Amino acid sequence: MAQEKVFPMTKEGKEKLEQELEYLKTVKRKEVVERIKIARSFGDLSENSEYDSAKEEQAFVEGRITTLENMIRNAKIIVGEADTSTVSLGRTVTFLELPDGDEETYTIVGSAEADPFEGKISNDSPIAKSLLGRKVDEEVTVQTPGGEMLVRIVKIS
């Protein structure tokens, strides 16, 4: 049997996925079933766009439920170590872009809870891969889709 993928995440990230799963199972499923029921009442299903749309949404919801169940079942909770001298999973890192000095701060999390708009980047992202294992005051070349970027780590927490 193939080994399942492990999903590293924070305790908060796992709780957020569990809440989404609960919502999909208890609220969204019922809404979609009701939409299908209403669409069926319109008659001929072969030309019923409301029915087709509701069935597509049902497939999406069921797929997402399966994905979330798998992620939660295979979650590995990130336990923050006391040592904040090195960039690691679960750590928040602040760095300066060189030479212009724009400061950016990101928390490195597992792919399951990555949200760049909230400052959470996946440990699989090019930035995180470049920063993992590094220390404060180190200069690091980061590969980005726009090319290379030189940064200096100023804080790890």
Side-chain angles (χ1 to χ4, degrees), residues 1-36 53-98 100-157:
M1 184 172 178
Q3 186 174 5
E4 300 252 6
K5 179 180 179 186
V6 173
F7 295 92
M9 63 184 75
T10 62
K11 183 179 177 205
E12 294 79 21
K14 183 178 179 190
E15 289 170 358
K16 190 175 178 183
L17 293 180
E18 289 169 338
Q19 290 169 358
E20 180 184 354
L21 179 62
E22 183 67 17
Y23 168 76
L24 290 175
K25 284 181 160 183
T26 60
V27 177
K28 196 65 177 173
R29 252 186 188 160
K30 290 176 184 171
E31 289 175 359
V32 173
V33 167
E34 188 60 29
R35 278 188 59 208
I36 291 171
S53 172
K55 289 299 281 184
E56 285 175 14
E57 185 177 6
Q58 182 183 40
F60 173 80
V61 168
E62 293 304 322
R64 182 68 179 156
I65 287 171
T66 300
T67 299
L68 290 173
E69 287 174 338
N70 183 46
M71 291 168 78
I72 292 166
R73 182 176 50 253
N74 295 300
K76 179 177 185 278
I77 301 301
I78 301 165
V79 179
E81 300 152 13
D83 176 23
T84 58
S85 66
T86 305
V87 178
S88 61
L89 201 55
R91 292 276 167 241
T92 300
V93 60
T94 302
F95 59 84
L96 291 173
E97 287 184 40
L98 300 175
D100 60 7
D102 288 343
E103 189 173 280
E104 296 184 39
T105 300
Y106 294 106
T107 301
I108 300 175
V109 296
S111 60
E113 63 182 304
D115 185 351
F117 296 111
E118 288 188 18
K120 296 179 179 181
I121 60 173
S122 167
N123 60 318
D124 294 327
S125 71
I127 293 174
K129 283 182 177 180
S130 299
L131 297 173
L132 287 169
R134 303 300 186 117
K135 298 184 180 297
V136 171
D137 290 330
E138 273 193 66
E139 290 187 6
V140 181
T141 301
V142 177
Q143 299 293 331
T144 68
E148 289 185 346
M149 173 175 70
L150 184 63
V151 302
R152 182 183 312 115
I153 300 171
V154 293
K155 182 179 176 187
I156 302 168
S157 56

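Only a predicted model underlies this, so the values are computations on that prediction, with no experimental measurement involved.
Residue pairs meeting the side-chain hydrogen bond (donor to acceptor under 3.5 Å, both in side chains) criterion with at least one member in residues 106-119, sequence neighbours excluded: Thr10-Glu113, Thr92-Thr107, Glu104-Tyr106. A salt bridge (Lys or Arg N to Asp or Glu O under 4.0 Å) check over residues 65-75, counting only residues at least two apart or in different chains, returns the pairs Lys25-Glu69. Sequence neighbours left out, not one pair with a member in residues 121-131 passes salt bridge (Lys or Arg N to Asp or Glu O under 4.0 Å).
For Glu138, the salt bridge (charged side-chain N to carboxylate O under 4.0 Å, His left out) partners at least two apart in sequence or on another chain are Arg134. For Glu12, the salt bridge (charged side-chain N to carboxylate O under 4.0 Å, His left out) test picks out no residue, with sequence neighbours left out. The side-chain contact (heavy atoms from CB on, under 4.5 Å) search around Asp137 returns Arg152, not counting sequence neighbours. Residues forming a salt bridge (charged side-chain N to carboxylate O under 4.0 Å, His left out) with Glu57 (at least two apart in sequence, or on another chain): Lys28, Arg35. By the side chain to side chain donor-acceptor pair (under 3.5 Å) test, Glu148 is found to be paired with Gln143, residues two or more places apart in sequence or in another chain being considered. Judged as a salt bridge (charged side-chain N to carboxylate O under 4.0 Å, His left out), and not counting sequence neighbours, Glu22 has no contacts. In this structure Glu20 satisfies the side chain to side chain donor-acceptor pair (under 3.5 Å) test together with Arg64, sequence neighbours excluded. Thr67 pairs by the side chain to side chain donor-acceptor pair (under 3.5 Å) definition with nothing, not counting sequence neighbours. Applying the side chain to side chain donor-acceptor pair (under 3.5 Å) rule to Lys76 yields no partners; only residues at least two apart in sequence or on another chain are considered.
Contact check for Leu89 versus Val109: no side-chain heavy atoms found under the 4.5 Å cut-off. Side chains of Ile127 and Val151 form no contact here, defined as non-hydrogen atoms less than 4.5 Å apart. In this structure the side chain of Ile156 never reaches within 4.5 angstrom of the side chain of Ser85, judged on heavy atoms. The shortest side-chain heavy-atom distance between Lys14 and Lys11 does not fall under the 4.5 Å cut-off. Counting heavy atoms from C-beta outward, Phe60 and Gln58 have side chains that stay 4.5 Å or more apart. Proximity of Val154 to Val136: side-chain heavy atoms (C-beta onward) are nowhere separated by under 4.5 Å. Looking at heavy atoms from C-beta onward, Ile65 lies in side-chain contact with Leu21 at the 4.5 angstrom threshold. For the pair Leu150/Glu139, a side-chain contact is recorded, criterion being any heavy-atom separation below 4.5 Å from C-beta on.
Taken from CG in Leu131 to CD1 in Ile153, the straight-line distance is 5.0 Å, to the nearest 0.5 Å. The distance from the OG1 atom of Thr94 to the CD atom of Glu103 is 5.5 Å, given to the nearest 0.5 Å. Note that OG of Ser125 and CD1 of Ile108 are 7.0 Å apart. Values are rounded to the nearest 0.5 Å. In this structure, the separation between OH on Tyr23 and CG on Leu68 is 13.0 Å, given to the nearest 0.5 Å. A distance of 12.5 Å separates CG in Leu96 from NZ in Lys155, rounded to the nearest 0.5 Å.
A donor-acceptor contact shorter than 3.5 Å is absent between the side chain of Asn70 and the backbone of Thr66.
Checked by atom type, the side-chain pair Lys16/Gln19 shows no donor-acceptor distance below 3.5 Å.
Heavy-atom minimum distance, Pro8 versus Asn123: CG-ND2, 4.3 Å. The two residues Phe7 and Met71 have their closest heavy-atom pair at CD1-CA, 3.6 Å. Among all heavy-atom pairs drawn from Ala114 and Ser122, the shortest one is CB-N, 3.7 Å.
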Handout entry: CA sep, side-chain torsions, deciding dist, call: Leu17, Met9, side-chain contact (heavy atoms from CB on, under 4.5 Å)
Key = CA-CA 10 Å; Leu17 293 180; Met9 63 184 75; 3.7 Å; yes

